[in-house]
Amino acid sequence: MTLLERTRIVQNTPEPDSLAAARSIMDALVAVLTEHAERYYQDDAPLISDAEYDVLVRRLQALENAHPEFLRPDSPTHRVGSAPLDSFEKVQHAEAMLSLGNAFDADELRAWHDRCRRRLEWDAEAEGPAVSTELKIDGLAVALTYENGVLVRAATRGDGRVGENITANIRTIRSVPLRLDSSRHPVPDRVEVRGEVYFPKSAFEALNDRLRAQELKPFANPRNAAAGSLRQLDSTITAGRDLAFFAYSLGPVSEPVAAGQRAMLDVLDGWGFSINPEVARFEGIEEAVTFCSNWTGKRDALDYEIDGVVVKIDDFRLQRQLGNVSNAPRWAVAFKFPARESTTRLLGILVNVGRTGMITPEAELEPVQIGGVTVSQATLHNADYIRDRDIRIGDTVVVKRAGDVIPAVVASVPEARTGSEVAWEMPGTCPACQQPLERIEGEVDSFCVNGACPAQFIRLVEHFASRDAMDIEGFGTKLAAQLVEAGRIADLPDIYGLTPDDLLELDGFARKKAEKLVAGIDASRSRPLARLLFGLGIRHVGRTTAEVLVQQFDSMAALGKADADALTAVDGIGEVIARSLVDWFALETNRKIVARLADLGVNVARLPEEAPAAGDDLPFAGKTFVVTGTLPTLGRTEAQDYIKQRGGKAASSVSARTDYLVMGENPGSKADKAAELGIPVLDEAGLLELGGRS
DNA sequence: GATCCTCGAGTTCG
DNA sequence: CTCGAGGATC
């Protein structure tokens with residue numbers, strides 16, 4: 001049986017109902033965990049996620065607490081990993097590098113603080129003891145030894161007692177000082193500084209782009225990339241990777257350099273280390289709980305991965321009083337965020353048909369909890385994406401919730417293969433209409449080119465009704481599918497022939513809802529021309545291009561008469577888009593659709609407010625703006641409309657040609673980019689002032 | 001012909 | 001948000 005199969009069995013074993021059962025589960029857990037730890041620490045190729053590993057360890061710990069008589073000397077709860085590789089020189093840590101106990105929610109954090117209070121015989125009425133809070137960087141712990149202020153040795157954590165000598169590699173990291181600065185705080189003759197080596201997200205993306213360009217396998221995540229980079233025997237390779245380092249603690253010292261954790265960080269800062277800026281010290285545990293929950297939602301805003309918050313009793317004197325349990329200090333705890341990355345099995349790959357006929361593969365996953373939600377589907381983008389990552393059906397795959405929400409299959413875990421996995425191939429025919437698919441030489445996507453494909457038509461109807469197009473409230477995916485499948489809608493104009501009675505025949509419609517929807521359809525007749533043009537779903541004509549076209553052509557009729565030359569004359573329209581438009585209007589069916597829409601009272605001419613902005617009294621003329629984050633009163637689209645009304649351009653990404661960045665709360669990467677390029681930043685008030693308040 | 005900027009298209013779960 | 005590709009620009 002493979003390790004993964006045994007793991008699944010252990011995971012699914014119910015709580016023991018006898019001593020014998022408890023013992024056999026404990027033995028199985030020890031065996032499975034030991035093997036996983038080896039894979040993790042030695043081969044750097046985990047089969048299961050850290051979260052899954054943690055769950056198993058906690059289960060073993062609980063059983064050991066309940067049945068201490070079965071506690072085995074070789075239980076992985078005694079150790080944090082296994083012996084380091086042979087290829088690097090082994091290094092004994094002067095004082096073991098401990099791991100931390102975990103807290104998975106606010107109550108566990110409070111329980112930890114309570115235990116500290118009891119052990120310290122803290123006055124029940126008093127607040128405290130004070131705690132420090134630091135972000136838990138998802139990187140690799142290392143210990144740096146300085147003698148007479150000079151870096152002489154750097155070691156990985158290894159199993160906590162023995163690590164690997166990686167001095168040459170650490171020296172390549174710019175945020176690690178090679179000589180300490182003693183001008184502000186005296187430096188002991190010999191000092192060990194501990195911290196985390198990590199891969200900034202931006203540098204990680206750049207590295208993966210480079211690896212892909214060389215047709216090498218990209219790293220699954222920044223932590224793996226950091227591990228892989230530190231493990232290079234050739235330190236010149238490490239030097240080419242933009243690793244960084246945050247210092248967070250001291251090893252054994254002869255004389256104390258500060259009274260507590262928070263103050264000690266300032267000393268480290270004075271010595272020349274980079275200290276994570278998001279540190280705090282609180283008098284009570286409740287503020288620390290708030291700190292943790294705040295960061296749970298904000299962690300994506302950082303340029304490095306964090307997987308939790310480390311909470312420590314701040315005062316070193318109290319820390320000593322609390323002491324350690326086997327391999328973890330009592331005075332510190334790791335508050336763990338819900339995992340955002342996990343491994344699961346890829347059950348199959350389905351394909352979707354988009355509105356344009358584009359075929360996108362979609363992963364069908366064994367449901368897995370990631371970041372508090374259950375993920376069972378994820379996009380796989382296209383056939384090349386699957387091939388480049390060597391993803392096969394049946395594989396164990398790493399699934400991540402990128403950005404804020406959207407799950408993606410990041411990598412496969414080939415080590416977990418049993419041999420029964422099968423490579424996937426793009427089907428030759430459309431899953432909806434069975435017509436052959438086409439893939440243009442040199443392009444990535446496959447298309448169903450059947451103009452009458454029902455799947456495409458459903459997506460087109462949905463798009464037509466969507467918020468950025470005709471904005472028909474209550475008209476979504478489900479209704480589009482129902483109406484098309486019931487044969488009630490065979491082309492777009494049919495939407496305007498719907499009556500409340502038609503809708504009553506469908507599932508989930510009562511009189512009132514049906515009437516409301518028909519009223520919504522009716523209201524959409526007077527939408528601006530650009531929205532209609534966008535809604536028609538002409539390839540390459542998105543929202544922006546539709547708006548640009550409407551500036552030059554004042555009706556559907558004018559557009560239909562335009563030839564390729566007239567179209568390419570418009571700024572932003574090239575041959576491909578022109579061709580797409582000419583081809584669309586060349587089809588008799590499409591011309592009929594426009595004519596019928598007009599007959600049904602749908603607006604097919606430019607509205608006065610869409611007319612090209614005239615005059616040079618426009619405050620934003622010639623200026624390009626980018627909006628990011630949440631503004632206090634304006635919505636994002638409102639802000640963009642405001643800019644356009646005043647002759648400005650509302651672009652979607654920051655570049656050298658951007659004149660202003662309008663920034664609200666929780667800005668994304670755009671803010672960093674703007675800062676890099678030195679682009680002036682406005683807040684909402686600044687924008688309104690510049691534009692004239694009217 | 002290469003490079004940079006923008007736009008289009010598709011995307012998950014509750 | 002991410003990826004790929006169209007368009008403009010040098």
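Throughout, a chain's letter reflects where its sequence line sits, starting with A, and its residues are numbered from 1. All figures in this text were calculated on a predicted structure; none of them were measured in a lab. These values consider heavy atoms only, across backbone and side chains, with no hydrogens, waters or symmetry-generated copies.
- Contact between the side-chain N/O atoms of A:Thr379 and the OP1/OP2 oxygens of B:dT12 is not found at any separation under 4.0 Å.
- Heavy atoms of A:Arg459 sit under 4.0 angstrom from primed sugar atoms or phosphate atoms, though from no base atom.
- Side-chain atoms of A:Glu462 and A:Thr477 form a donor-acceptor pair, as typed in the model, at a separation below 3.5 Å.
- An OP1 or OP2 oxygen of B:dA9 is reached within less than 4.0 angstrom by a side-chain nitrogen or oxygen of A:Arg355.
- Ion pairing between a basic and an acidic side chain is recognised when a charged N comes within 4.0 Å of a carboxylate O; A:Asp138 and A:Lys136 show no such pairing.
- Comparing atom distances between the A:Thr356 side chain and each of B:dC7, B:dA9, B:dT11 picks out B:dA9 as nearest.
- The shortest distance between the side-chain N/O atoms of A:Ser376 and the OP1/OP2 oxygens of B:dT12 is not below 4.0 Å.
- Within the structure, every side-chain polar atom (N or O) of A:Thr544 is placed at least 4.0 Å from both OP1 and OP2 of B:dT6.
- Taking atom CG of A:Asp384 as the reference point, atom P of C:dG4 lies 8 Å away to the nearest angstrom.
- A:Leu380 has its CG atom 16 Å from the P atom of B:dG10, to the nearest Å.
- Following rounding to the nearest Å, A:Leu365 (CG) and B:dT12 (C1') show an atom-to-atom distance of 11 Å.
- Toward the 5' end of DNA chain B, the nearer of the two residues A:Arg539 and A:Thr374, judged by each one's closest nucleotide, is A:Arg539.
- For A:Ile577, the listed nucleotide lying nearest its side chain is C:dG6; candidates were B:dT12, B:dG10, C:dG6.
- Rounding to whole angstrom units, CG of residue A:Leu536 and P of B:dG8 are separated by 14 Å.
- Side chain of A:Gln377, nearest nucleotide from B:dC13, C:dA8, C:dG6: B:dC13.
- Going from atom CG of A:Leu567 over to atom P of C:dG7 covers 11 Å, rounded to whole Å.
- Checking side-chain atoms of A:Asp583 against main-chain N and O of A:Ser580 turns up no donor-acceptor pair under 3.5 Å.
- Contact check, A:Asn352 against B:dG10: no side-chain N or O comes under 4.0 Å of OP1 or OP2.
- For the residue pair A:Gln369 / A:Thr374, a side-chain donor-acceptor distance below 3.5 Å is found, with atom types taken as modelled.
- Nearest nucleotide to the side chain of A:Val576, out of C:dA8, C:dG6, B:dG10: C:dG6.
- If you take CG of A:Leu350 and C1' of B:dG10, they are 16 Å apart, rounded to a whole angstrom.
- Taking atom NE2 on A:His540 and atom C1' on C:dG6, their separation rounds to 7 Å, with Å as the unit.
- Between A:Arg439 and A:Asp384 there is a salt bridge, since at least one side-chain N of the basic residue sits less than 4.0 Å from a carboxylate O of the acidic one.
- Closest to the side chain of A:His381, from the set B:dC7, B:dT12, C:dC3, is C:dC3.
- For the pair A:His463 NE2 and B:dT11 P, the interatomic distance rounds to 14 Å; values are reported in whole Å.
- Within 6.0 Å of atom CD in A:Glu366, more than 12 heavy atoms from other residues, nucleotides or ligands are found, so the atom counts as buried in its surroundings.
- A:Asp445 comes within contact range of no nucleotide atom at all, as no heavy-atom separation falls under 4.0 Å.
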